[in-house]
> 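One structure, as structure tokens, below. Some questions next.
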Amino acid sequence: MISDKKLETALKQYFGFSKFRSGQKEVIRNLLSRESTLAILPTGTGKSLCYQLVGKIYKKPVVIVSPLISLMQDQVEQLRFAGEKKVIALTSVLSFKRKEYAVSHLSQFDFIYLAPEMLNKKEVVENLFQLDLALFVVDEAHCISKWGPDFRPDYLGLGELRRELNFPTTLALTATATKRVEEDIIGNLFGTQKVKVIRHSVDRPNIFLAVEKVANQKEKNKKVIKLVERLKAPGLIYFSSKKKADEIAQMIRQKTKLNVSSYHAGRSAIDRYTVQQQFMLGKLDVICATSAFGMGVNKKNIRYVIHYHLPADLESYLQEIGRAGRDGQQSIAILLYQESDVGLQRRLIDMTLPEDEMIQYYMDNAQKLTGHAGEQGELLDYYRKQGLSSERVKEIFSRRRSDKIKNLNEILAYTNTHHCRRAYIKKYFGEKDNQIHDRSCCQLSGEELPLKELKMIKTEKENIKNFDDNSYQRVIRKLFNL
DNA sequence: CGTTACACCTGTATAGGTGTAACGGTGCTATACT
């Protein structure tokens with residue numbers, strides 16, 4: 001057993017920090033005693049440091065499965081900046097030659113990042129098999145549950161890969177997981193093997209929670225303008241439609257003096273990169289984004305997150321609002337809700353999940369599928385290759401559909417709750433709630449957000465030197481007559 | 001599935017009612033082409 005002092009020396013030596021953040025030491029201790037761990041820690045805990053330090057201590061390679069190329073590139077850059085040279089992101093961005101070289105010389109690297117799709121390649125798995133791994137890491141592990149079954153099925157193959165690699169010590173990391181998502185992750189990665197779960201609260205006390213009901217789109221647009229004019233920038237506005245994101249960005253640009261841009265999968269890689277950089281550097285006040293924006297974005301001073309559309313579920317909602325207030329300062333999350341918005345989410349569910357008829361067709365007609373099968377075709381192709389019966393696949397998607405609808409109803413109930421919103425969220429994530437709630441933490445259903453007074457938040461905040469949480473709490477109390 | 005934008009109609013209104021079509025997210029990798 002390694003002593004606390006030795007751990008802290010290692011932390012100082014490799015990363016220059018003198019103290020661990022909450023949760024880090026516990027995770028690292030587990031891994032050093034060769035215990036696989038699922039760590040559910042809020043953003044800003046320094047989750048990456050956990051596996052990086054363990055890799056350093058063992059002086060053996062670490063493999064990290066990550067969902068996005070941009071995320072891998074960020075991590076690689078950070079590690080290189082910290083003086084770590086033997087790092088690689090094994091992605092399609094590499095030239096054929098460099099990739100081929102890297103794959104056949106994996107043992108030369110200490111940190112190897114890759115997407116789950118890369119693990120389909122025989123050469124990659126064969127070369128991974130040769131390594132004596134310090135750790136196998138799954139970053140953003142909620143993707144197993146959220147994306148695996150109907151978007152990126154290769155996420156479902158990670159458990160099998162672990163078996164092939166002879167069960168390396170594994171660390172699964174995520175910021176938001178309900179009990180149900182936790183079960184999905186464990187079931188997939190570990191089966192019946194023992195896993196330690198470290199779960200900290202998803203609650204972020206410095207984010208004020210509000211829901212604003214509107215009758216129609218016009219009213220919603222007006223409210224958006226009012227909010228972005230009054231709230232302290234920078235801020236994020238989330239949409240479930242790329243077109244609307246562009247449209248509202250344009251509208252804000254026309255009606256205010258704010259610097260605004262949009263971010264979604266419909267924009268080119270270079271545009272997306274530029275927008276994110278500008279935002280990080282403080283040159284943009286507002287980004288109008290779809291769910292494409294956010295993973296790995298570590299901007300500390302985002303002051304508000306507005307949702308223009310109803311999100312798919314509370315997990316997504318918490319991921320997205322969790323990008324606010326990472327500096328610990330008071331921030332606000334406002335969900336704008338129009339009753340018809342739920343139809344959009346229902347439609348998205350329908351679009352993703354194949355109908356029974358389609359499942360039957362694709363499961364029966366394997367050889368015809370090459371090339372033009374479309375997204376659902378590719379997905380069904382995955383299940384067919386797993387050797388599942390069409391009945392079983394129908395069952396999987398029918399279950400998936402009812403789960404998604406259930407989650408949608410949960411976030412609907414959140415918008416309508418007459419009780420404390422924070423308490424509702426804690427309960428949803430299966431947390432015990434010993435906190436005494438007062439109305440300074442959230443706005444209840446039917447209460448109007450006092451927009452006039454919100455302006456005070458901005459001005460008063462600007463007037464107060466060394467603005468701290470307490471002074472904000474005073475302002476909030478004043479606002480809501482508490 | 002339900003909203004919304006827009007064309008069309010009436011019959012002469014910088015108007016109001018009706019009908020219809022459009023629309024709606026998340027990414028990896030491989031491969032063949034320009």
Side-chain angles (χ1 to χ4, degrees), chain A residues 65-73 89-96 99-100 102-103 113-125 138-140 142-158 214-221 237-248 251 262-269 272 288-297 307-313 315-317 319-320 337-353 370-376 378-379 381-382 400-401 404-405 407-408:
Chain A
V65 178
S66 169
L68 305 180
I69 292 176
S70 61
L71 221 58
M72 298 184 227
Q73 288 172 334
L90 210 58
T91 71
S92 60
V93 175
L94 293 181
S95 69
F96 181 78
K99 193 163 46 180
E100 201 179 33
V103 169
Y113 287 85
L114 38 72
E117 287 82 0
M118 192 54 88
L119 298 165
N120 279 331
K121 286 179 69 105
K122 224 169 82 188
E123 313 89 76
V124 175
V125 178
V138 183
D139 200 8
E140 308 287 356
H142 58 280
C143 292
I144 292 173
S145 168
K146 242 197 115 194
W147 281 358
D150 54 29
F151 182 47
R152 290 175 65 178
D154 293 302
Y155 259 106
L156 302 179
L158 295 179
V214 294
N216 54 45
Q217 191 142 16
K218 242 185 184 169
E219 199 183 308
K220 201 191 253 179
N221 292 355
I237 309 179
Y238 272 103
F239 296 80
S240 302
S241 148
K242 296 182 270 194
K243 211 174 152 188
K244 269 281 177 270
D246 285 335
E247 201 182 301
I248 301 300
M251 181 189 81
S262 67
Y263 187 108
H264 52 69
R267 303 202 63 179
S268 69
R272 288 168 70 165
C288 294
T290 61
S291 56
F293 184 81
M295 257 198 261
V297 173
H307 277 73
Y308 188 90
H309 289 127
L310 184 76
D313 48 51
E315 290 102 297
S316 318
Y317 188 59
Q319 281 267 349
E320 288 163 2
Y337 173 58
Q338 183 186 348
E339 259 174 43
S340 59
D341 287 349
V342 70
L344 175 56
Q345 286 302 339
R346 290 214 180 99
R347 181 71 191 127
L348 288 173
I349 294 171
D350 283 344
M351 270 168 54
T352 318
L353 302 173
T370 44
H372 46 82
E375 271 174 44
Q376 289 192 347
E378 274 173 44
L379 188 65
D381 204 41
Y382 173 88
R400 185 76 174 160
R401 186 181 300 264
K404 286 194 167 196
I405 288 170
N407 287 343
L408 183 58

> Excluding sequence neighbours, so at least two apart, what forms salt bridge (Lys or Arg N to Asp or Glu O under 4.0 Å) with A/Lys242?
none
> Is the A/His307 ring parallel, tilted or perpendicular to the A/Tyr238 ring (thresholds 30°, 60°)?
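Ring orientation of A/His307 relative to A/Tyr238: parallel.
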> Reading nucleotides 29-34 of chain B from the 5' end, what letters show protein touch, with B for base, S for backbone sugar-phosphate only, - for no heavy atom under 4.0 Å?
SS----
> Using the side-chain hydrogen bond (donor to acceptor under 3.5 Å, both in side chains) criterion, which residues pair with A/Arg400? Sequence neighbours excluded.
A/Asp150
> Base, sugar-phosphate alone, or nothing: which one does A/Arg272 contact when heavy atoms must sit under 4.0 Å apart?
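Sugar-phosphate: the residue A/Arg272, judged by heavy atoms under 4.0 Å, touches backbone atoms but no base.
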> Measuring only the C1' atom in each nucleotide, how far is B/dT29 from B/dA21? A whole number of Å is fine.
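Nearest-Å result for B/dT29 against B/dA21 at atom C1': 37 Å.
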> What's the gap between B/dC8 and B/dT12 when it is taken at their C1' atoms, as a whole Å value?
16 Å
> Nearest-Å distance, OH (A/Tyr238) to C1' (B/dT26)?
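It is 12 Å, rounded to the nearest whole Å.
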> Sequence neighbours left out, what passes ring-ring contact (aromatic ring centres under 6.0 Å, His included) with A/Tyr308? Give chain and number order.
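With sequence neighbours excluded, A/Tyr308 shows a ring-ring contact (aromatic ring centres under 6.0 Å, His included) to A/Phe239, given in chain and number order.
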> Could you pull out all residues at least two apart from A/Asp341 that satisfy salt bridge (Lys or Arg N to Asp or Glu O under 4.0 Å)?
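So A/Asp341 forms a salt bridge (Lys or Arg N to Asp or Glu O under 4.0 Å) with A/Lys220.
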> Rounded to the nearest 0.5 Å, what's the gap from CD on A/Gln217 to CD on A/Glu247? Could you check?
7.0 Å
> What is the distance, to the nearest angstrom, from the CG atom on A/Leu353 to the C1' atom on B/dG24?
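Between C1' of B/dG24 and CG of A/Leu353: 15 Å.
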> For nucleotides B/dA13 and B/dG17, find the distance between their C1' atoms and express it as a whole number of Å.
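To the nearest whole Å, 13 Å.
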> Taking only the side-chain heavy atoms of A/Ser291 (C-beta and beyond), determine which of B/dT26, B/dG27, B/dC1 contains the nearest atom.
B/dT26
> Pairs counted as Watson-Crick or G-U wobble with both distances under 3.5 Å: what dot-bracket string results for DNA chain B, using | for bases tied to another strand?
((((((((((....))))))))))..........
> Heavy atoms only, 4.0 Å cut-off, all strands: where does A/His309 land among base, sugar-phosphate and nothing?
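If one applies the 4.0 Å heavy-atom cut-off, A/His309 turns out to touch nothing in the nucleic acid.
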> I need the A/Met118 CE to A/Ser66 OG distance, nearest 0.5 Å.
12.0 Å
> Quickly work out the A/His142 NE2 to B/dG27 P distance and round it to whole Å.
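Rounding to the nearest Å, NE2 of A/His142 and P of B/dG27 are 12 Å apart.
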> Respond yes when some side-chain nitrogen or oxygen of A/Thr290 is under 4.0 Å from OP1 or OP2 of B/dT26, and no when none is.
yes
> Using the test ring-ring contact (aromatic ring centres under 6.0 Å, His included), find all partners of A/His142 that sit at least two apart in sequence or belong to another chain.
none
> How close or far is atom P of B/dC23 from atom CG of A/Leu344, stated in whole angstroms?
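About 14 Å, once rounded to whole Å.
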> Using a 4.0 Å heavy-atom cut-off, does A/Leu348 contact any base of the nucleic acid, only the sugar-phosphate backbone, or nothing at all?
base
> What residues form a salt bridge (Lys or Arg N to Asp or Glu O under 4.0 Å) with A/Glu219, not counting sequence neighbours?
none
> Using the C1' atoms only, state how far B/dG27 lies from B/dC23, rounded to an integer number of Å.
23 Å
> For A/Glu100, which residues count as a salt bridge (Lys or Arg N to Asp or Glu O under 4.0 Å) partner, sequence neighbours excluded?
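A/Glu100 satisfies salt bridge (Lys or Arg N to Asp or Glu O under 4.0 Å) with no other residue.
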> Applying side-chain contact (heavy atoms from CB on, under 4.5 Å) between A/Ile349 and each of A/Leu408, A/Leu344, A/Asn407, report the one that passes.
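It is A/Leu408, the one option of A/Leu408, A/Leu344, A/Asn407 that forms the side-chain contact (heavy atoms from CB on, under 4.5 Å) with A/Ile349.
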> Do side-chain atoms of A/Gln345 reach the backbone of A/Ile405 as a donor and acceptor pair under 3.5 angstrom?
no
> Would you check if A/Trp147 stacks with the base of B/dT26, given a 5.5 Å centroid limit and a 30° plane limit, both strict?
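It does not: the two rings, one from A/Trp147 and one from B/dT26, miss the stacking criterion.
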> Using atom CD of A/Gln345 as one end and atom C1' of B/dT26 as the other, report the distance to the nearest whole Å.
11 Å
> What integer number of Å spans the C1' atoms of B/dT20 and B/dT14?
25 Å
> Nucleotides 2-5 of chain B: which of its N/O atoms have a protein N/O under 3.5 Å away?
residue: B/dT4; atom: OP1; partner: A/Gln217; partner atom: N; Å: 3.2
residue: B/dT4; atom: OP1; partner: A/Gln338; partner atom: NE2; Å: 3.1

> Okay, side chain of A/Arg152, backbone of A/Pro67: is any donor-acceptor separation there less than 3.5 Å?
yes
> Taking the P atom of each, how far is B/dG11 from B/dG19, in whole Å?
16 Å
> Return the polar atom pairs (N/O with N/O) between nucleotides 16-22 of chain B and the protein under 3.5 Å, or none.
none

> Rounded to the nearest Å, what distance is computed from the CG atom of residue A/Leu71 to the C1' atom of nucleotide B/dT26?
14 Å
> Step by step, would you call A/Leu310 with A/Gln338 a side-chain contact (heavy atoms from CB on, under 4.5 Å)?
CA-CA 8 Å; A/Leu310 184 76; A/Gln338 183 186 348; over 6 Å; no
> May I have the distance from A/Glu378 (atom CD) to B/dG27 (atom P), rounded to whole angstrom?
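To the nearest whole Å, that distance equals 15 Å.
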> With sequence neighbours left out, what residues match A/Tyr113 under ring-ring contact (aromatic ring centres under 6.0 Å, His included)?
none
> Just how far, in rounded Å, is P of B/dT26 from CD of A/Gln319?
15 Å
> Regarding A/Pro67, tell me which of base, sugar-phosphate or nothing describes its non-hydrogen contacts under 4.0 Å with the strands shown.
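Counting heavy atoms under 4.0 Å across all strands, the contact made by A/Pro67 is with sugar-phosphate only.
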